[in-house]
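A note on names: the letters A, B, ... follow the listed sequences, proteins ahead of strands, and every chain is numbered from 1. Nothing here was measured: the structure is a model prediction, and the numbers come from that model.
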Number of protein chains: 2
Amino acid sequence: MGTTKTDLFNAEQNDLASMLKALAHPARIAILQHLAKAESCICGDLVQELGLAQPTISQHLKELKTAGFIKGTVEGVSVCYCINIPVWEQCKTVLDRLLR
Amino acid sequence: MGTTKTDLFNAEQNDLASMLKALAHPARIAILQHLAKAESCICGDLVQELGLAQPTISQHLKELKTAGFIKGTVEGVSVCYCINIPVWEQCKTVLDRLLR
DNA sequence: CCCGTTAATCGTAATATTGCAATGTAATGG
DNA sequence: CCATTACATTGCAATATTACGATTAACGGG
């Protein structure tokens with residue numbers, strides 16, 4: 001137990017659920033907002049902006065990246081993150097299709 | 001630890017996160033899809049439709065109701081659930097505002 | 001080549017979520 | 001009033017998530 005019974009549901013339902021789960025945390029929403037506002041990408045700044053420790057931010061970034069919502073490019077010693085628009089659009093489309 | 005540090009974020013971020021969390025489970029998505037398709041509301045049928053036990057369905061319904069996405073009205077011995085359109089619209093609006 | 005800076009990863013504690021059996025509650029039919 | 005039917009609640013086991021200290025990996029400057 002404690003595990004979601006994914007085999008009971010179809011791919012669309014499971015995919016949408018995991019996309020939404022990736023967004024369903026205030027820190028990850030705050031990260032997306034910051035990336036949207038900053039236009040270009042940032043990284044260590046997020047640790048400053050939100051009050052969370054560096055490993056925590058790194059973990060949230062990883063979840064957003066795994067879900068496809070952001071992309072990260074190594075820029076020398078730092079990493080530059082930015083929003084992955086197509087995935088975002090697709091998420092909204094699927095969500096829209098849900099209730100109509 | 002293990003708790004989300006909600007005090008680090010503003011109300012909009014926390015509210016959106018909890019709305020999305022309510023949606024972020026395939027069973028709850030399946031429930032919403034079924035309610036949308038059936039137009040009118042249903043209830044015990046959901047236990048049949050999805051392969052989950054009755055207490056589990058009841059718990060998911062409760063979470064959706066707490067988040068405001070559905071409403072339930074007692075109809076004799078059974079309970080009739082239906083989608084709460086305004087909350088749904090508002091969720092999409094807030095989500096839209098996030099990335100733009 | 002060493003050092004500092006930046007970020008990912010590991011390990012772990014605290015807490016939340018998922019799912020269900022058992023039980024409780026409320027209405028309905030007889 | 002009793003049995004039944006439809007749900008909700010409780011309690012608990014299994015697992016997932018959140019957060020962070022400690023450590024590691026990778027790059028650039030001297």
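Taken residue by residue, residues 48-65 of chain A places heavy atoms nearer than 4.0 Å to DNA chain D at A:Leu52, A:Ala53, A:Pro55, A:Thr56, A:Gln59, A:His60, A:Glu63.
With DNA chain C read from its 5' end, the first of the two nearest nucleotides for A:Gly2 and A:Asp45 is the one closest to A:Asp45. Judged by closest nucleotide on DNA chain C, A:Val79 is the one of A:Val79 and A:Thr6 placed further toward the 5' end.
One can place CD1 of A:Ile31 at 10 Å from P of D:dA19, the figure rounded to the nearest angstrom. Atom CG of B:Asp7 is separated from atom P of D:dT18 by 16 Å (rounded to the nearest Å). Nucleotide C:dA8 holds its P atom 10 Å from the CG atom of A:Leu46, rounded to whole Å. The interatomic distance linking B:Phe9 (CZ) with D:dT18 (P) rounds to 11 Å, in whole Å. Distance B:His25 NE2 to C:dA16 P: 18 Å, rounded to the nearest Å.
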Shorter than 3.5 Å, N or O on both sides, protein versus nucleotides 25-30 of chain C: list them out with atom names.
none

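Around the NZ atom of A:Lys71, the shell of radius 6.0 Å holds no more than 12 heavy atoms that belong to other residues, nucleotides or ligands.
Remark: the backbone N or O of A:Gly68 is paired with a side-chain donor or acceptor of A:Asn84 at under 3.5 angstrom. Side chain of A:Glu63 to main chain of A:His60: no donor-acceptor pair is present (N/O by atom type, distance under 3.5 Å, no hydrogens or angles). Listed for the A:Thr56 side chain is no donor-acceptor partner under 3.5 Å among the backbone atoms of A:Leu52. One N or O on the side chain of A:Arg28 and one on the backbone of A:Ala22 form a donor-acceptor pair closer than 3.5 Å. Formation of a donor-acceptor pair under 3.5 Å by the B:Ser18 side chain with backbone atoms of B:Asn14 is found in this model. Between the side chain of B:Ser58 and the backbone N or O of B:Gln54, no donor-acceptor pair lies under 3.5 Å.
In the set D:dT18, D:dA6, C:dC20, C:dC20 carries the atom at the smallest distance from any side-chain atom of A:Met1.
Closest of all the heavy-atom pairs between A:Ala17 and B:Ile29 is N-CD1, 3.5 Å.
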- Item | From CA spacing to verdict: side chain to side chain contact (heavy atoms under 4.5 Å, CB included), B:Leu16, B:Leu98 | CA-CA 9 Å; B:Leu16 179 54; B:Leu98 177 62; 4.2 Å; yes
- Task: Apply the test side chain to side chain contact (heavy atoms under 4.5 Å, CB included) to residues A:Ile85 and A:Phe69: give CA-CA distance (whole Å), side-chain angles for both, the deciding distance (0.1 Å), then the verdict.
- Result: CA-CA 7 Å; A:Ile85 307 285; A:Phe69 286 112; over 6 Å; no
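Of the side-chain N and O atoms in B:Lys21, none sit less than 4.0 angstrom from OP1 or OP2 of C:dA16.
If one axis is set at each end of the helix from C:dC1-D:dG30 to C:dG30-D:dC1 from five pairs, those axes are 20° apart, to 10°.
Residues B:Arg97 and B:Glu12 meet the side-chain proximity criterion, which asks for heavy atoms closer than 4.5 Å.
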